[in-house]
There are 2 protein chains.
Amino acid sequence: MKRVTLKEIGKQLNLSPGTISKALNDSHEISAETKRMILAYTKKINYIPNFSAKSLKTGRSNTLAIIVPFISSSFFFDFYEEISLILSQTNYQLILLQTFNDEKKEKEALELCVQNNIDGIIISPVKNDSSLSLLMYIMDQICPIIIFDRINHQLDTFKIGIQNNKVIYQATAEMIKNGRKNIILLLCKDIGGNATRIKGYKDALFNSSIPYNEDNIVEISYSSPKDDIDAELERKISALLSSPVPPEALLSTTDTLSLKVLHILNKLKVKIPENMNLIGFSNTPFANSLNPSLTTIAQPTRLMADKSVELLLEMLKKRNKKNYFEFETYFLDCQIEHRKSTSASRE
Amino acid sequence: MKRVTLKEIGKQLNLSPGTISKALNDSHEISAETKRMILAYTKKINYIPNFSAKSLKTGRSNTLAIIVPFISSSFFFDFYEEISLILSQTNYQLILLQTFNDEKKEKEALELCVQNNIDGIIISPVKNDSSLSLLMYIMDQICPIIIFDRINHQLDTFKIGIQNNKVIYQATAEMIKNGRKNIILLLCKDIGGNATRIKGYKDALFNSSIPYNEDNIVEISYSSPKDDIDAELERKISALLSSPVPPEALLSTTDTLSLKVLHILNKLKVKIPENMNLIGFSNTPFANSLNPSLTTIAQPTRLMADKSVELLLEMLKKRNKKNYFEFETYFLDCQIEHRKSTSASRE
DNA sequence: CTGAAAGCGCTTACAG
DNA sequence: CTGAAAGCGCTTACAG
């Protein structure tokens with residue numbers, strides 16, 4: 001029982017390998033009768049084609065790639081799941097690559113795409129200018145690219161993201177409405193959208209005539225959800241809590257930080273929401289089961305994934321007509337999901 | 001700027017394509033001098049080889065596959081992450097495939113492996129006998145296979161799992177020690193290890209002279225973490241709670257069930273741990289942040305992943321000497337992680 | 001409607 | 001140590 005090839009099948013059926021190939025690809029050149037006969041036979045022997053040969057010949061792989069910083073981040077995970085689900089309805093395969101926020105790994109991931117004749121790429125890049133020349137080369141020579149999430153990247157293509165200033169504005173305003181004035185904004189350092197995030201935060205304060213205090217901007221530097229930032233985070237939070245006018249609210253802008261800060265506040269016996277309103281940027285399905293359940297800003301992950309695939313498939317369809325596209329950046333809206341960690345009542 | 005081939009490079013350097021190939025593969029046939037020169041050049045122009053051609057020629061892909069029911073299950077996710085981490089140290093690529101507990105999808109996933117000249121497979125199969133003939137064919141003709149988690153599968157190969165009866169015994173004994181006699185065992189229906197699980201449960205009761213009551217075995221039928229089983233689960237739990245002798249403890253054997261049942265018990269205002277001890281089979285890192293924090297049975301996921309890769313790589317090394325192996329099944333130990341959802345004190 | 005033949009870009013046994 | 005040549009298993013322009 002050796003692995004069967006088209007040549008072998010042709011010999012069995014007294015047809016040429018080319019005819020078998022055309023039949024299996026449902027070419028109009030082949031008669032219905034012959035097709036039926038060939039399909040019956042290949043099904044019977046469970047013929048499994050060799051994709052390497054096909055890919056070598058055609059220059060395509062029927063495979064798309066999604067490149068994210070960390071699949072362990074629930075936003076990226078959900079995004080991946082959705083893409084995976086959509087593509088399972090097509091005959092595209094999907095491969096998942098992680099950069100770990102490392103430019104070198106990003107380059108490796110992209111080269112892997114080239115090596116494997118990947119047909120299209122959806123990526124959340126490491127930095128605004130990471131792998132720029134390689135990405136441009138790929139766009140030009142290899143396959144279309146869609147950028148999502150970190151849409152400040154300089155590559156000229158379709159981009160799908162959220163309006164950071166707007167959503168941070170809303171969350172901050174929400175806390176102000178709950179009577180909180182001293183609000184911590186917790187950020188992951190060196191992430192593209194921070195400037196716009198801070199802008200949204202400041203605008204919300206300004207519109208309620210609350211003075212801006214730069215000590216309330218807390219930036220934590222980490223690149224992996226597994227980095228040990230717990231001690232640093234606890235120290236900074238503790239310091240703010242023991243200041244003359246302790247903070248009454250905290251807005252956390254990443255999934256990782258949201259979970260960690262909740263844990264720390266519980267440990268420090270801070271009463272949530274009475275003494276501390278808490279809103280987390282998060283996509284975790286467990287927000288409901290947390291203690292207390294966490295009010296979150298949920299990114300429209302599925303919509304983002306849907307749009308990314310839609311655009312990529314569209315570019316693939318028009319693959320031959322380059323420069324045809326007017327590239328656009330799409331900003332999707334986030335939603336605040338209210339749970340127990342925010343309320344107006346105090347102790 | 002067209003994509004460069006070995007032929008092209010050969011022309012530029014006045015060498016044959018064969019020589020370039022050998023140099024890049026660090027063949028001993030090529031002089032150090034020539035190698036250095038070729039490497040310098042290919043690096044300068046950032047030569048990226050065509051893996052399809054390589055794979056077609058060699059019959060190998062340098063890619064391993066991991067096939068799981070659902071990557072959204074945290075056990076499988078952690079397992080995947082660990083494998084991914086280990087392989088990033090090697091030059092094997094990894095592809096992830098999901099079966100959604102569907103035999104047809106499992107067959108498709110395996111055929112995809114064959115199509116892509118995958119070098120090795122690590123799989124948690126859908127059922128004890130799913131895809132048996134295809135798996136045997138693959139083992140025989142294509143590449144080695146390791147089975148993990150669902151180790152009751154009939155394929156003869158290396159298997160890595162846990163001793164279900166032992167760990168369920170321990171968890172049950174733990175609850176008995178906390179003075180609980182009426183203990184619910186919550187299972188996902190039709191999963192391989194259930195018989196051994198029930199045995200562990202019964203043995204623990206028996207050794208404490210507690211009569212076995214079959215109503216306490218609750219089986220819920222679902223195949224995806226996203227299946228809507230909430231109503232059914234709530235109905236069954238409610239019914240037991242309103243029986244003359246309500247249960248005082250619950251042992252949940254899957255991740256999905258653990259989170260759902262916690263949510264339901266909270267909703268029904270059952271006091272945990274006072275009136276209900278709760279132990280969940282779970283790998284979620286959020287166990288600590290749940291309300292209350294959940295005592296869990298944690299599978300030795302990383303060890304299982306390490307062992308799986310170790311065995312697979314070993315089989316790959318000895319690829320030519322088939323039938324050389326004495327296949328074994330490895331049983332790894334689980335650990336109970338004590339948190340607030342279990343204790344002896346009552347109300 | 002079917003077939004013969006070239007070629008995708010590599011690797012490798014063989015010759016020199 | 002280097003090269004010429006065959007071949008991996010497909011697809012497809014071309015011929016008939």
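Letters A, B, ... mirror the listed sequences (proteins, then strands); counts begin at 1. All values below were derived from every heavy atom in this structure, side-chain atoms included, with hydrogens, water molecules and symmetry-related copies excluded.
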Side-chain donor-acceptor distances from residues 8-15 of chain B under 3.5 Å, at least two apart:
none

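Within the structure, salt bridge (Lys or Arg N to Asp or Glu O under 4.0 Å) pairs that include any residue of residues 84-98 of chain B do not occur (at least two apart or interchain). Pairs of residues two or more places apart, or lying in two chains, that qualify as ring pair (Phe, Tyr, Trp, His ring centres under 6.0 Å) and include a residue from residues 92-123 of chain B are Phe70(B)-Phe100(B).
Considering only side-chain N and O atoms, Ser16(A) lies under 4.0 angstrom from the phosphate OP1 or OP2 of dG3(C). Remark: Ser52(A) is not in phosphate contact with dG9(D), judged by side-chain N or O atoms under 4.0 Å from OP1 or OP2. In this structure, Tyr47(B) reaches the dC10(C) phosphate: one of its side-chain N or O atoms is under 4.0 Å from OP1 or OP2.
We find that Glu310(B) and Lys307(B) are joined by a salt bridge, their nearest charged nitrogen and carboxylate oxygen being less than 4.0 Å apart.
Glu108(A) meets the salt bridge (Lys or Arg N to Asp or Glu O under 4.0 Å) test with no other residue; sequence neighbours excluded. Partners of Phe51(A) under the ring-ring contact (aromatic ring centres under 6.0 Å, His included) rule, at least two apart in sequence or in another chain, do not exist in this structure. Every residue two or more places apart in sequence or in another chain that forms a salt bridge (Lys or Arg N to Asp or Glu O under 4.0 Å) with Glu33(B) is listed here: Arg36(B). Partners of Lys57(B) under the salt bridge (Lys or Arg N to Asp or Glu O under 4.0 Å) rule, at least two apart in sequence or in another chain, do not exist in this structure.
The distance from atom CD of Gln115(B) to atom P of dG9(D) is 15 Å, rounded to the nearest whole Å. Straight-line distance from the CG atom of Asn117(A) to the P atom of dC10(D): 16 Å, rounded to whole Å. Note: CG (Asn50(B)) to C1' (dG9(D)) measures 14 Å, nearest angstrom. The interatomic distance linking Asn116(B) (CG) with dC10(D) (P) rounds to 13 Å, in whole Å. Atom CG in Asn62(A) sits roughly 15 Å away from atom P in dC10(D) (whole-Å rounding). The distance between atom CG of Leu56(A) and atom C1' of dA6(C), rounded to the nearest whole Å, is 13 Å. Here dT2(D) presents its P atom at 13 Å from CG of Asn14(B), a figure rounded to the nearest Å. Look at NZ on Lys35(B): it is 13 Å from C1' on dT2(D), rounded to the nearest Å.
Defined by atom type and a distance below 3.5 Å, a donor-acceptor pair is missing between the side-chain atoms of Asn117(A) and Ser61(A).
In this structure, Ser27(A) reaches neither bases nor backbone, as no heavy-atom distance under 4.0 Å exists between it and the strands shown.
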task: Would you give a per-nucleotide map of nucleotides 11-16 of chain D, 5' to 3', where B means the base has a protein non-hydrogen atom under 4.0 Å away, S means only the sugar-phosphate does, and - means neither?
output: BBBB--
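Consecutive Watson-Crick or G-U pairing (both distances under 3.5 Å) extending over three or more pairs maps onto DNA chain C as C:1-3 with D:14-16, C:5-12 with D:5-12, C:14-16 with D:1-3.
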